[in-house]
Undergrad: 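Structure in structure tokens, see below.
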Amino acid sequence: MEKIGERTSGVGRITPANTKRTRWTLSVIGVVSWLLLWQFVPRLLGLQARYFPTPVDVYDELARIWEPVLKAIPPTLQAAIVGFLLSLVLSIAIGAILVSNEAILEALMPFIVGVNTVPRIAMTPLIIYWVGFIPVTWIDLWLANYVMALWVAFFPMLIAAIDGFRDIDEDTKNMLEVYGATEWQAFKYVRFKNGLPFIFDGMKIGFILAMVGAVVGEFVSNTFGVGSMAASAISRTSVSRAISIVLVLGFISATVVFVIYVAESRLIFWRDSSVMGGEP
Amino acid sequence: MSSETATETPADATTSGDSMISFSGVDKIYGTDAAEESVHALTDVDLDVEPGEFVSVVGPSGCGKTTLLHMAAGILEPTNGSVKIDGVDVNGPEHERNKLGLVFQHPVALQWRTVRKNVMLPVQILKENGEIEGDMDHYRERAEDLLSLVGLEGFGDSYPNELSGGMQQRVTITQSLIYEPSVLLMDEPFGSLDAMTKDELNLELLRIWNETEKTILFITHDLDEAVFLSDRVIVLSPRPGEIVDDIEIDLPRPRTEDTRGSERFIELSAEIHRHFKSHV
């Protein structure tokens, strides 16, 4: 008989590697079970494939429309990324200014929180309407998708940045006061790095929102992209096509969020990070 | 320093003398707005700490010990009276930031900086603001010397989360010594450590004090710790805090682990416990 302490193989022992393996196994089991349920339950219930397509139907449809989808990705992704990056830069810059000036922050906070609570996506038709007024020839309705991405992603990212820059304990504040640190020094040496984990959490949510903004913008403006493709599929009740396009969008978002997560875990070595944002 | 004494009025000179830390007629009332309920934290505090003296302040929870220290650090302003460091009002424009070092109950080491870089933080801030002279190399060398003085030799490249609580507190102490302040203000610096680490750091602190000749104002709720370390122990009454005792500790120096077992130590400790009970 072998004593527990003498086991040399990693099997059955609680090690980081085994915990990771268990997590992966469970994830795969979860996904496979879900696909199986989706594949067989609609049939058992006697639902029509046209209205309730199975994974196999969706896969077949995706294989059929793959090339046009591939062509439609760049404009949508570009709008989302530009809107997201603008949101990132603006949220850090504006957050830094607001945090260094208590009075302006207090005055603007109701507005910021208010706009963040509003379903900003409901403004899509208005934004497209206003973009139509811009009297510049090379600008067209496509700009509305960029504006939408920015409009939807910016406020949660700004709030994340403000929360992060402000999340300093009393002792650290007092220490900076004793050294006579200026607002800029406080930001440069403490607030910015301290806020980074919050900013990364904001980025994970922000990119998903930027994608939603760009796609819904296309829904309404009907400019070329994955969003307008999905919209036309939905309007023609081509359910399997709509689902396959939405899956592609989800895959793109997930990939970018994963990239952000990897960047975070490299950059913020002093703290654990999580894929979904918030406390791990 | 002669320019400061020149600006003093004769009346000031009589109250502050040549003491390093001087409270005269200090009151602190929180919430002075008529609408708020005000809290009288400290009343009529007169306290002079001579250069090179080690003075502890003890008192029940909420008696204003920390308020007293924060006023000495210039973080809080007294409602009435004045607080001077080396004859200069800490809240006045002539106060020099490099005069004071502050050590809190919890370590304030920044998680993303190595021990060495944490120690250098005040130097960076004070130097950028023209509060200290000397080139960075001088301070870098000094950081190494101090790290070995506090027993952190070889830990310069470690990150704070790789160190124990006691070691992190040593980092904070090093940080407050790096720019050679003449006054060290310590707010229950060992309050969150286990008894053994605390005793060890008490000895270390006395050694550092002996080698660096600082004036130390030390806040604690541990009466034995106060007796062991100090030249004088100040006892505050419950709120509003008022100085009710000022006890000379005539234990011989250098004090060692054996001091705690000496008859005089036990006598003084008993006396302070008694004073404490009768006033609290």
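Below, chain A is the first sequence line, B the second, and so on; all start at residue 1. Hydrogens, waters and symmetry mates are skipped; everything else that's a heavy atom, side chains included, is used.
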Undergrad: Among the options B:Q175, B:Q124, B:H106, B:Q105, pick out the one with the most heavy-atom pairs lying under 4.5 Å from chain A.
TA: B:Q124
Undergrad: Looking only at non-hydrogen atoms, find the nearest pair between B:L100 and A:V178 and report the distance.
TA: O-CG1, 4.2 Å
Undergrad: Do the side chains of A:K188 and B:E128 get close enough for a salt bridge, i.e. N-O under 4.0 angstrom?
TA: yes
Undergrad: Run the numbers on A:N174 and B:H70 for side chain to side chain contact (heavy atoms under 4.5 Å, CB included), then give the verdict.
TA: CA-CA 9 Å; A:N174 288 337; B:H70 282 182; 3.4 Å; yes
Undergrad: Can you tell me if B:K117 has over 12 outside heavy atoms packed within less than 6.0 Å of its NZ?
TA: no
Undergrad: Can you name the closest pair of heavy atoms from A:W270 and B:N161 and give their distance?
TA: O-ND2, 3.9 Å
Undergrad: More than 12 non-hydrogen atoms from neighbouring residues, nucleotides or ligands closer than 6.0 Å to NZ on B:K198, yes or no?
TA: yes
Undergrad: Side chain, backbone, both or neither: which part of B:L185 has a heavy atom under 4.5 Å from chain A?
TA: neither
Undergrad: Return the CD1 to CG distance between B:I125 and A:L176, rounded to the nearest 0.5 Å.
TA: 5.5 Å
Undergrad: Please walk me through it: do B:L121 and A:M175 pass side chain to side chain contact (heavy atoms under 4.5 Å, CB included)?
TA: CA-CA 11 Å; B:L121 178 69; A:M175 177 189 78; 3.9 Å; yes
Undergrad: Would you say B:R97's side chain and A:A181's backbone share a donor-acceptor pair under 3.5 angstrom?
TA: no
Undergrad: Quick check: are there more than 12 heavy atoms from other residues, nucleotides or ligands sitting under 6.0 Å from CD of B:E213?
TA: no
Undergrad: Do A:Q185 and B:N129 pair up side chain to side chain, a donor and an acceptor below 3.5 Å, judged on atom types alone?
TA: yes
Undergrad: Check the orientation of B:Y179 and A:Y179. Use parallel for under 30°, tilted for 30 to 60°, and perpendicular for over 60°.
TA: perpendicular
Undergrad: How many angstroms lie between atom CG of A:D169 and atom CZ of B:F104, to the nearest 0.5 angstrom?
TA: 9.0 Å
Undergrad: Of all the heavy-atom pairs spanning B:W112 and A:F269, show the shortest one and how long it is.
TA: O-CZ, 3.8 Å
Undergrad: Heavy-atom cut-off 4.5 Å, strictly under: side chain, backbone, both or neither for B:E131 against chain A?
TA: neither
